[in-house]
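Just below is one structure, and these are the notes that go with it.
On a predicted model such as this, the values are computed, not experimentally measured, just so you know. Basis for what follows: all heavy atoms, side chains included, without hydrogens, waters or symmetry-related copies.
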Amino acid sequence: MNDPSAIVRDSWNQWSETWYRRYRTDDVIARLIREPESAFHPAAFALIRRAMPELRGKRVCVPSSGDNHAVFAFHLMGARVTSCDISENQLANSLKIAQQYGWDIDFVCEDTMKLDSLPAGEFDFVYTSNGVHVWIPDLHGMYGSIHRVLRDGGSYVMFDIHPFMRPFGDNADGKLNVANPYDATGPYGEIPTYRWRMQDIANAMAASSLRIAGIEETYAEDGSFWVDESVEDGEPLTPQELEDLCDWRKNPKAALPQWLLIHAVK
């Protein structure tokens, strides 16, 4: 049987070299340099600021760093950042950008469920962004590793798709269509993914001895949330069509919270 982690790693190595290149264009990086906060949903950035009012000089770890936008943003705001990801290509491509601009960032190839090479009690702040939890088969391992690398009193903030989004499929007929029950967590697909519930996330945090300091449920910034970026065919939506996607009367899923944010403390 193939190792699920190896399947995920190999898939991300491939994606990094294909459609994921759009996250590394000169225009995208230039905007990050001008506006580091643009790497975050406004609600996530506000929560980060409350959890860590002063980032300058702080040790920050970003597991499952993906496109590394959050990593670059934390560095530009003065933090000492360690970027961890299971994909060698994601890290290598991000390292090229850091070297191009002379950014002193540590890139470490690590599984978020282990973080074995990182020392205990090293970091003031840990952040995981959108799209992390869907790839994690062992939430207890993930949160145990985050707890271990945080210093006493250190903070963790997560920002991810709200679990209430997971059961629903397309609603082209204007109705909510349930694709899977809420408690069907997976794995799904040849490249294994997971649809964790609120209780799975909160209980794994609690079991790791992270103390939940606050939970926020919020909405999309704009209608682009509802557009599948991996699908390149078709005409782009008009501004009015994008606005309509945020109207729950026209898009029933917009009545549900789209994002979940949790602040936890060691």
Side-chain angles (χ1 to χ4, degrees), residues 23-24 29 31-87 90-99 101-133 136 142-160 205 208-214 216 259-266:
Y23 294 92
R24 301 192 298 271
I29 301 305
R31 186 192 177 200
L32 277 172
I33 293 172
R34 292 193 309 270
E35 306 172 70
E37 67 275 11
S38 68
F40 309 98
H41 185 290
F45 187 63
L47 184 57
I48 290 166
R49 280 304 199 190
R50 291 198 297 275
M52 190 63 51
E54 179 54 64
L55 282 162
R56 188 163 299 279
K58 300 298 185 182
R59 292 297 307 271
V60 173
C61 179
V62 183
S64 296
S65 51
D67 59 27
N68 276 265
H69 288 185
V71 168
F72 299 151
F74 285 130
H75 170 79
L76 290 165
M77 289 185 281
R80 300 163 58 199
V81 192
T82 297
S83 166
C84 298
D85 201 273
I86 198 171
S87 166
Q90 286 283 70
L91 293 171
N93 287 320
S94 298
L95 174 60
K96 290 177 185 176
I97 294 171
Q99 290 175 333
Y101 291 97
W103 296 339
D104 185 13
I105 297 170
D106 292 329
F107 294 93
V108 182
C109 191
E110 269 288 359
D111 186 330
T112 296
M113 294 174 286
K114 299 176 181 178
L115 301 180
D116 287 338
S117 66
L118 302 188
E122 182 78 7
F123 295 95
D124 302 289
F125 185 66
V126 174
Y127 175 73
T128 58
S129 191
N130 170 40
V132 170
H133 289 75
I136 303 295
M142 169 180 166
Y143 285 118
S145 67
I146 288 172
H147 179 274
R148 184 184 63 80
V149 302
L150 275 171
R151 65 167 178 80
D152 291 342
S155 282
Y156 165 68
V157 167
M158 66 150 282
F159 170 72
D160 217 320
M205 283 190 188
S208 75
S209 298
L210 286 169
R211 176 179 62 83
I212 294 177
E216 295 184 22
W259 296 114
L260 173 66
L261 302 96
I262 300 179
H263 173 208
V265 179
K266 179 175 177 178

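- Considering only heavy atoms from C-beta on, E110 comes within 4.5 Å of S117 through its side chain.
- Atom CG of L115 is separated from atom OG of S64 by 8.5 Å, given to the nearest 0.5 angstrom.
- With a 4.5 Å cut-off on side-chain heavy atoms, W103 and I97 count as touching.
- A donor-acceptor pair under 3.5 Å is formed between the side chain of K266 and the backbone N or O of H147.
- The distance from the CG atom of L261 to the NE2 atom of H41 is 7.5 Å, given to the nearest 0.5 Å.
- By the 4.5 Å heavy-atom criterion applied to side chains, V60 and H75 are not counted as neighbours.
- Remark: L47 CG to F159 CZ distance equals 10.5 Å, nearest 0.5 Å.
- Between K58 and F125 the shortest side-chain heavy-atom distance does not fall below 4.5 Å.
- D116 CG: more than 12 foreign heavy atoms inside a 6.0 Å radius.
- By the 4.5 Å heavy-atom criterion applied to side chains, F72 and I33 are not counted as neighbours.
- Contact detail for S155 and A51: the closest heavy-atom pair is OG-O, 3.8 Å.
- Between R59 and the options D124, V81, V149, a side-chain contact (heavy atoms from CB on, under 4.5 Å) holds for only D124.
- Atom CG of N93 is separated from atom CG of D67 by 11.5 Å, given to the nearest 0.5 angstrom.
- Under the 4.5 Å side-chain criterion, counting only non-hydrogen atoms from C-beta, V132 is not in contact with P63.
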Pair F40, F74 - check ring pair (Phe, Tyr, Trp, His ring centres under 6.0 Å), show working. CA-CA 10 Å; F40 309 98; F74 285 130; 5.2 Å; yes
Go through the steps to decide whether D160 and T128 satisfy the test side chain to side chain contact (heavy atoms under 4.5 Å, CB included), and finish with yes or no. CA-CA 8 Å; D160 217 320; T128 58; over 6 Å; no
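- Considering CE of M158 and CG of L260, their distance stands at 4.0 Å, rounded to 0.5 Å.
- Considering only heavy atoms from C-beta on, R49 comes within 4.5 Å of M77 through its side chain.
- Contact detail for V265 and G153: the closest heavy-atom pair is CG1-O, 3.9 Å.
- Summarising the geometry, atom NZ belonging to K114 is positioned 14.0 Å from atom SG belonging to C84; distances are rounded to the nearest 0.5 Å.
- Closest non-hydrogen pair, A39 versus L32, comes out as CB-CD2, 3.6 Å.
- Side-chain atoms of L91 and S65, non-hydrogen and from C-beta on, do get closer than 4.5 Å to each other.
- Using a distance-only test at 3.5 Å, with no hydrogens or angles considered, no donor-acceptor pair links the side chain of E35 to the main chain of E37.
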